[in-house]
Amino acid sequence: MKWSRASISALPVLATASLAAYDLAQKRHALLRNFPVVGHFRYLLEAIGPELRQYIVTSNDQERPFSRDQRRWVYASSKLENNYFGFGTDNDMENLSGYPIIKQRTFSSVVPPSGIHAGEEVWLPSAKVMGAARGRAKAFRPDSVVNVSAMSYGSLSAQAVEAINRGVAICDAMQNTGEGGLSRYHRKGGNLIFQIGTAYFGCRDEEGRFDLARLKDLVASAPVKAIEVKISQGAKPGLGGVLPGVKVTEAIAEARGVPVGVTCVSPSRHAEFHDVDSMLDWVELLATETGLPVGIKSAVGASTFWEDLVRQMATTDRGVDFITVDGGEGGTGAAPLTFSDSVALPFRLGFARVYSLFAEAGLTDDITFIGSGKLGLPDNAMVAFALGCDMVNVAREAMLSVGCIQSQRCHTDRCPTGVATQDPWLTRGLDPSLKSVRLANYIRTLRRDLVKVSEACGVYHPGLVTGDDIEILDRTRSSEPVREVYGYQPGWGVPSDADRDALYALLSEVAPEGGSARQSASATG
């Protein structure tokens, strides 16, 4: 039977609302027949969905990967605007599991100053001297516990790379080059960690093979402080990458050591080593030939790699100087959805698993531990330090500080703010001179907040915060200290006594001190 308005009107069980709905449907079909372009309007809505959700639909804490509150904090910090929030928290801590609570101490010899900008200029170095345990010729103490994570030129625009490099120079931090090589835009005054990936960009010969002589020449020509061998990353662990030839400009080809306009591929595995034993041989070769500390970066999957690494370092005279553990929730560019969502452990679980293996073997004092994976927010960073991180790397938060709006178009080469694109028309609006200052402001503010929270816990430095100083909520039913949640033994997660004493000696002369009211005649202490 073919339904019509007359047939529907004849049915007594249907109300007037049914007739109205029928009329509306008929008008809609007529509109779409006469104006077919309207039928595609849904594609426009889908295209601007991230913006609609960010600015209209979602609440302050719903948007992912970074909520509106989190982005607002980064933006305000980068502009030195008021980054305080009023009327209390709007986080739903009563109904969340895994929510961290930092426990302040009532009495302490550490007296933090109060002003809104107090602590922004504080020196906040690493508690460990990177490379000292293994006697590297160019061992050094990093001047900042907050540094910029690996993001390649090619993934980021030239202007974004330059802004980050100028910014880390302003605030005495370091920039990791990413596996895309050391470009001319990395040479703007900032200290570097040079990352070697599976394609050996920047230190390869004409056939794509690793070239030790080119590596030595490269690191000698720039302010490279350390070398990081990338095993895997949180965004797409166990997966290589492809940069289409259309994106391989002259500058990118120069940095990577590949032909202009030719697609370059990053394999999923290294050719220079095939297991932990051969990897450590290669690490020692790089360290001996360059004098630099050498470490690895990896996401955490199967434990066999880490167990073998611990065993080799405990029983031989070879080892890495630092380990960067990348959480599976990290990611700055393009990756298959399954890899972004479901491959590699999230940071807290993965890092705790790795650190525990080294702690049980008594090796943690010989290694600088670096965390990455959404750690550019003070609360996440404090948990990382309590778990044993000596430093944290920031990536997407750094992108936000130089103009990223979380449009989630990194994989399309159509980033509207010029951060993650090679399109000249889109990148021309990103001014490295302005954005470098904003990156520096953000890093300084993050360090300031880390100092303030550490002082509330009664210590000068976030590296001295313990796993008992932070608790993890299970809604409002219970909470457990970080140490118990992740099975840490007493004393894990903090520097050795010697490192702690050295750090206190360095900071006691420069740590900012707040004032206090004068004692009255009736004071008791």
Side-chain angles (χ1 to χ4, degrees), residues 147-169 174-230 233 235 240-267 270-272 286 290 292 297 332-334 395 398-399 402 410 413 415 418-424 426-427 430 432 435-436:
N147 299 285
V148 177
S149 191
M151 294 183 285
S152 299
Y153 171 47
S155 174
L156 297 187
S157 67
Q159 290 84 341
V161 171
E162 179 176 341
I164 292 171
N165 191 258
R166 291 181 184 274
V168 297
M174 294 185 291
Q175 177 186 22
N176 191 307
T177 63
E179 65 177 310
L182 199 163
S183 73
R184 64 185 76 165
Y185 305 105
H186 289 101
R187 300 174 182 269
K188 303 297 180 179
N191 286 330
L192 301 168
I193 292 180
F194 180 67
Q195 187 181 82
I196 302 178
T198 55
Y200 309 111
F201 292 131
C203 53
R204 55 187 266 160
D205 63 16
E206 288 73 14
E207 297 182 16
R209 298 171 300 190
F210 173 71
D211 189 323
L212 180 59
R214 293 191 183 190
L215 173 67
K216 293 171 66 174
D217 290 342
L218 182 71
V219 299
S221 71
V224 174
K225 305 291 286 184
I227 294 172
E228 181 178 82
V229 180
K230 176 187 160 185
Q233 66 185 88
V242 178
L243 187 66
V246 68
K247 293 184 180 181
V248 182
T249 62
E250 180 183 350
I252 290 177
E254 174 190 272
R256 299 195 177 203
V258 298
V260 176
V262 176
T263 297
C264 54
V265 178
S266 299
H270 277 271
E272 294 301 291
L286 300 183
T290 65
L292 296 171
K297 174 182 179 177
T332 56
M399 292 170 66
V402 299
C410 310
D413 199 39
C415 170
V419 175
T421 177
Q422 302 304 313
D423 188 317
L426 294 169
T427 59
L430 199 162
K435 299 301 186 179
S436 62

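For this chain, numbers begin at 1 and follow the sequence in order.
- The shortest non-hydrogen separation linking Ala251 to Tyr185 is CB-CE1, 4.1 Å.
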* Asked: Ser266 and Phe201: side-chain contact (heavy atoms from CB on, under 4.5 Å), yes or no, with the steps?
  -> CA-CA 9 Å; Ser266 299; Phe201 292 131; 3.4 Å; yes
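- To the nearest 0.5 Å, atom OG1 of residue Thr290 and atom CG of residue Asp217 are 12.0 Å apart.
- Interatomic distance, CD of Gln159 versus CD of Gln422, reported as 8.5 Å (0.5 Å rounding).
- Summarising the geometry, atom NZ belonging to Lys435 is positioned 6.0 Å from atom CG belonging to Leu430; distances are rounded to the nearest 0.5 Å.
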* Yes or no on side-chain hydrogen bond (donor to acceptor under 3.5 Å, both in side chains) for Ser183 and Arg256, after CA distance, side-chain angles and deciding distance? -> CA-CA 8 Å; Ser183 73; Arg256 299 195 177 203; over 6 Å; no
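- Ser436 contributes no side-chain N or O that, together with a main-chain N or O of Ala163, makes up a donor-acceptor pair within less than 3.5 Å.
- Looking only at distances, a side-chain donor or acceptor of Tyr200 sits under 3.5 Å from a matching main-chain atom of Ala271.
- Inter-residue side-chain proximity for Asn176 and Asn147 is flagged as unmet; no heavy-atom pair is nearer than 4.5 Å.
- Using a 4.5 Å heavy-atom cutoff, the side chains of Val148 and Met174 are not in contact.
- Residues Cys203 and Asp211 have side chains not in contact (no heavy-atom distance under 4.5 Å, counting atoms from C-beta outward).
- Annotation: side chain of Lys225 is not in contact with side chain of Leu192 (no heavy-atom distance under 4.5 Å).
- Minimum heavy-atom separation, Ala395 to Ser149: CB-CB, 3.8 Å.
- Contact annotation: the side chain of Gln195 approaches that of Thr177 to within less than 4.5 Å [non-hydrogen atoms, C-beta and beyond].
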* To do: Please lay out, stage by stage, how Val258 and Cys264 fare under the test side-chain contact (heavy atoms from CB on, under 4.5 Å).
  => CA-CA 7 Å; Val258 298; Cys264 54; 4.2 Å; yes
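- Between atom NZ of residue Lys188 and atom CD of residue Gln175 there is a gap of 12.0 Å, rounded to the nearest 0.5 Å.
- Across every non-hydrogen atom of Val248 and Ala253, the tightest pair is CG1-CB, 4.0 Å.
- Ring centroids of Phe210 and His270 are separated by 6.0 Å or more, keeping the two rings apart.
- When atom types are taken as modelled, the side chain of Asn191 and the backbone of Ala169 share no donor-acceptor pair closer than 3.5 angstrom.
- Residue His186 comes nearest to Gly181 through the heavy atom pair CE1-O, 3.6 Å, listed as atom of the first residue, atom of the second, then distance.
- The nearest pair of heavy atoms linking Cys415 to Leu426 is O-CD1, 3.6 Å.
- A donor-acceptor pair is defined here as one N or O able to donate and one able to accept, closer than 3.5 Å; no such pair exists between the side chain of Ser152 and the backbone of Ser155.
- Using a cut-off of 4.0 Å between Lys/Arg side-chain N and Asp/Glu carboxylate O, Arg204 and Glu179 are scored as not salt-bridged.
- If you run side chain to side chain contact (heavy atoms under 4.5 Å, CB included) between Leu286 and each of Val219, Leu292, Ile196, only Ile196 comes through.
- Counting all heavy atoms, side chain and backbone alike, Met151 lies closest to Ile164 at CE-CD1, 3.9 Å.
- In this structure the side chain of Glu228 never reaches within 4.5 angstrom of the side chain of Phe194, judged on heavy atoms.
- Each of Leu156, Thr421, Val419 was scored for a side chain to side chain contact (heavy atoms under 4.5 Å, CB included) with Thr427, with one residue passing: Thr421.
- Between the Ser221 side chain and the Leu218 main chain, a donor and an acceptor come within less than 3.5 Å of each other.
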